Number of protein chains: 2
Amino acid sequence: MSSPEDSLIAKYFAPLATDAGAFGLTDDAAILNASGDDVVVTADAIVEGVHFLADDPPDTIARKALRVNLSDLAAKGAEPAGFIMTLALREAKDAWLAPFAKALGEDAVHFGCPLLGGDTVSTPGPLSISITAFGRVPEGKMVRRGGAKSGDLVMVTGTIGDATLGLDILKGGEVAKAMANDATGMAALIDRYRVPQPRNALARAVREHAHAAMDVSDGLAGDLAKLCAVSVVSADIRLADVPLSAFAKRLVASGAVGIERLIAGGDDYEVLCAVPQENAGRFMAAAVAAGTTATVIGGFAERIDPPRFLGADGKPVTFRRVSYSHF
Amino acid sequence: MSSPEDSLIAKYFAPLATDAGAFGLTDDAAILNASGDDVVVTADAIVEGVHFLADDPPDTIARKALRVNLSDLAAKGAEPAGFIMTLALREAKDAWLAPFAKALGEDAVHFGCPLLGGDTVSTPGPLSISITAFGRVPEGKMVRRGGAKSGDLVMVTGTIGDATLGLDILKGGEVAKAMANDATGMAALIDRYRVPQPRNALARAVREHAHAAMDVSDGLAGDLAKLCAVSVVSADIRLADVPLSAFAKRLVASGAVGIERLIAGGDDYEVLCAVPQENAGRFMAAAVAAGTTATVIGGFAERIDPPRFLGADGKPVTFRRVSYSHF
């Protein structure tokens with residue numbers, strides 16, 4: 001009596017539903033057990049042709065779909081608890097579903113974030129994956145966007161701009177031309193675009209040391225502006241201090257790309273946060289212990305105008321476009 | 001600095017985010033407060049051309065998107081707590097978004113299920129709405145699919161088959177021809193397809209009186225088979241006892257449609273449950289108090305073969321297709 005849809009779920013996704021609250025995906029709903037913690041909920045969808053490319057490998061699509069959500073949990077200081085996935089497919093092909101489900105399962109184990117349930121639907125349109133992820137924080141301890149105070153340091157993890165360079169390479173743009181002789185570099189940047197490295201290992205440090213935080217997904221400049229607006233502060237950023245990879249540094253030094261491009265591009269999935277000065281050292285140490293870095297790029301200021309980006313001469317630089325928007 | 005996407009969210013959806021845990025949609029995540037209850041999580045997506053028609057009115061699309069999820073919460077015995085919505089749009093048109101958001105907000109208030117967050121993405125493909133809804137039940141009290149016992153009564157709320165008749169009318173099929181002179185009847189059946197009536201007012205009664213339950217979304221016959229499989233029981237259903245609307249009864253009596261069509265069609269969004277005999281009276285009374293009915297259509301039996309559907313002569317009737325599947 002089992003339908004093709006049920007068989008697909010049983011074959012590919014039930015093995016990922018390792019949490020008792022998922023009931024092996026045989027029920028209409030899942031359970032997040034009662035606990036003394038707050039449940040943090042976040043949702044991000046990725047659409048073929050918009051957030052990933054049609055010929056991206058299925059394993060990277062799976063990892064990106066989950067990790068863009070894990071990145072939100074990390075920035076909120078939450079420990080992953082599980083996720084719900086809605087998969088809209090044109091067709092159910094084993095050659096695509098098998099590596100997709102395998103990679104999703106590996107990430108679910110690696111990040112301690114089991115599949116709890118979802119829905120699989122057919123669509124005549126582009127493949128899309130919509131994930132709602134859950135995390136837990138001690139009651140009242142979620143780190144919000146609002147909360148940055150004048151005098152706090154603006155800090156960001158990892159490096160900024162690599163993913164947007166990787167996307168340009170995949171599209172055969174000017175970065176591809178500038179790096180034509182550097183296959184290793186191109187592969188590294190493409191990997192940054194396809195497979196985000198969410199900073200979940202830093203969740204506790206964010207909770208303990210930051211006044212406010214968000215993940216950088218739509219570009220550092222635009223996301224900082226959002227954090228400032230909600231916190232009712234402004235910020236001054238020293239462009240020279242924005243952390244760049246060796247690849248990005250070379251491209252900027254050669255004039256192949258401008259810094260504007262890197263801070264306006266999206267898909268970084270780093271943590272941007274407001275850290276009081278006395279906590280900065282401990283936050284940096286925690287970042288190193290978590291396998292990344294945390295860099296001070298400026299400070300929050302008691303103004304309500306948009307954040308300023310300061311050049312080598314200390315004067316504000318004006319940019320054309322600072323954030324990605326779908327509409 | 002606000003992007004068109006942020007403006008769209010602020011204009012249409014922030015007013016719906018009335019729960020304190022939604023932070024007015026200005027954060028990356030929402031909070032479900034710590035409580036002594038279990039959190040029940042369910043997800044259902046609806047896709048243009050698959051679950052609704054491109055020219056369905058936007059207010060009915062909004063209601064359907066939320067109500068298919070509310071229906072799952074009702075069947076699990078859970079009280080609604082909120083929902084997350086991912087909206088994939090081709091374009092942001094006020095003429096569509098304004099009535100969509102208005103109806104969604106009305107339903108959110110009516111069912112006590114506020115918008116907590118989500119994601120809005122552009123898509124070149126069909127419009128799709130993916131909702132993850134949350135409910136609360138006292139710890140350990142979620143009503144599962146598994147749990148039906150031999151001797152329990154098979155009960156179902158409301159009437160079965162109206163929505164599939166409504167869809168046939170919208171597609172100009174044989175039902176439209178058979179009902180050509182009954183505009184009122186056609187409108188009523190179309191409404192059943194477009195705007196489900198989830199049985200949330202019955203959630204507590206389901207929790208108190210049923211051993212097992214699920215909502216009927218993919219057809220009574222197929223969904224009953226799923227409930228039996230997980231409960232490791234079978235069932236005998238008397239076809240003459242399946243509750244039909246006056247419209248459906250007339251169509252069956254005239255030979256325009258067969259009962260098979262009604263129990264195999266989808267989109268009923270009624271509650272199917274296993275009720276011990278001693279609770280049946282109280283469950284029926286609760287249904288009437290909730291503005292609907294609950295009907296005994298058969299009994300669960302200690303076998304492991306698929307459920308049987310018995311005709312007027314008491315003999316099993318064989319059907320061709322018993323459930324909707326996307327693949």
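Side chains are part of it too, since the values below use all heavy atoms of this structure and drop only hydrogens, waters and symmetry mates. Throughout, protein chains are lettered first and strands after them, A, B, ... in sequence-line order, and every chain is numbered starting at 1. No experiment lies behind these values; they were computed from the predicted model shown.
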Peer 1: Give, for atom OG of B/Ser71 and atom CG of A/Asp28, the distance between the pair rounded to the nearest 0.5 Å.
Peer 2: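 So the OG of B/Ser71 and the CG of A/Asp28 are separated by 8.5 Å.
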Peer 1: If we only count heavy atoms from C-beta on, is the B/Thr123 to A/Ser128 side-chain gap below 4.5 Å?
Peer 2: no
Peer 1: Do A/Phe134 and B/Val41 have side chains that get closer than 4.5 Å, going by heavy atoms?
Peer 2: yes
Peer 1: Among A/Leu73, A/Val39, A/Ile46, which residue has the highest count of heavy-atom pairs closer than 4.5 Å to chain B?
Peer 2: A/Val39
Peer 1: With rounding to the nearest 0.5 angstrom, report the CZ to CG distance, A/Arg136 to B/Leu32.
Peer 2: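 One finds 10.5 Å between CZ of A/Arg136 and CG of B/Leu32.
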Peer 1: Is A/Ala75 close to chain B through its backbone or its side chain, or both, or neither, when contacts mean heavy atoms under 4.5 Å?
Peer 2: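 For A/Ala75, no heavy atom lies under 4.5 Å from chain B.
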Peer 1: Who among A/Asn33, A/Ile84, A/Asp38, A/Val47 has the most heavy-atom pairs with chain B under 4.5 Å?
Peer 2: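 Most heavy-atom pairs under 4.5 Å with chain B: A/Asp38.
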Peer 1: Tell me which of these, A/Pro124, A/Ala43, A/Gly125, A/Ala30, has more heavy-atom pairs under 4.5 Å with chain B than the rest.
Peer 2: A/Ala30
Peer 1: Contact part of B/Ala213 toward chain A, heavy-atom cut-off under 4.5 Å: side chain, backbone, both or neither?
Peer 2: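 Only the backbone of B/Ala213 comes within 4.5 Å of chain A.
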Peer 1: With chain B, which of A/Leu227, A/Thr26, A/Val40, A/Val137 has the greatest number of heavy-atom pairs at distances under 4.5 Å?
Peer 2: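 Among A/Leu227, A/Thr26, A/Val40, A/Val137, the one with the most close pairs to chain B is A/Thr26.
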Peer 1: Where do B/Thr42 and A/Ala29 come nearest, in terms of heavy atoms and distance?
Peer 2: CB-CB, 4.1 Å
Peer 1: Between A/Ser35 and B/Ser35, is there a side-chain heavy-atom distance shorter than 4.5 Å?
Peer 2: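 No. Closest side-chain heavy atoms not under 4.5 Å.
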Peer 1: Hey, which of B/Glu139, B/Arg144, B/Met142 has the most heavy atom pairs under 4.5 Å with chain A?
Peer 2: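 Of the options given, most contacts go to B/Arg144.
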Peer 1: Decide, yes or no, whether a salt bridge links A/Lys76 with B/Asp27 under the criterion of side-chain N to carboxylate O below 4.0 Å.
Peer 2: yes
Peer 1: Which residue is it: A/Thr86, A/Ile129, A/Thr132? I am looking for the one with a side chain to side chain contact (heavy atoms under 4.5 Å, CB included) to B/Ser130.
Peer 2: A/Thr86
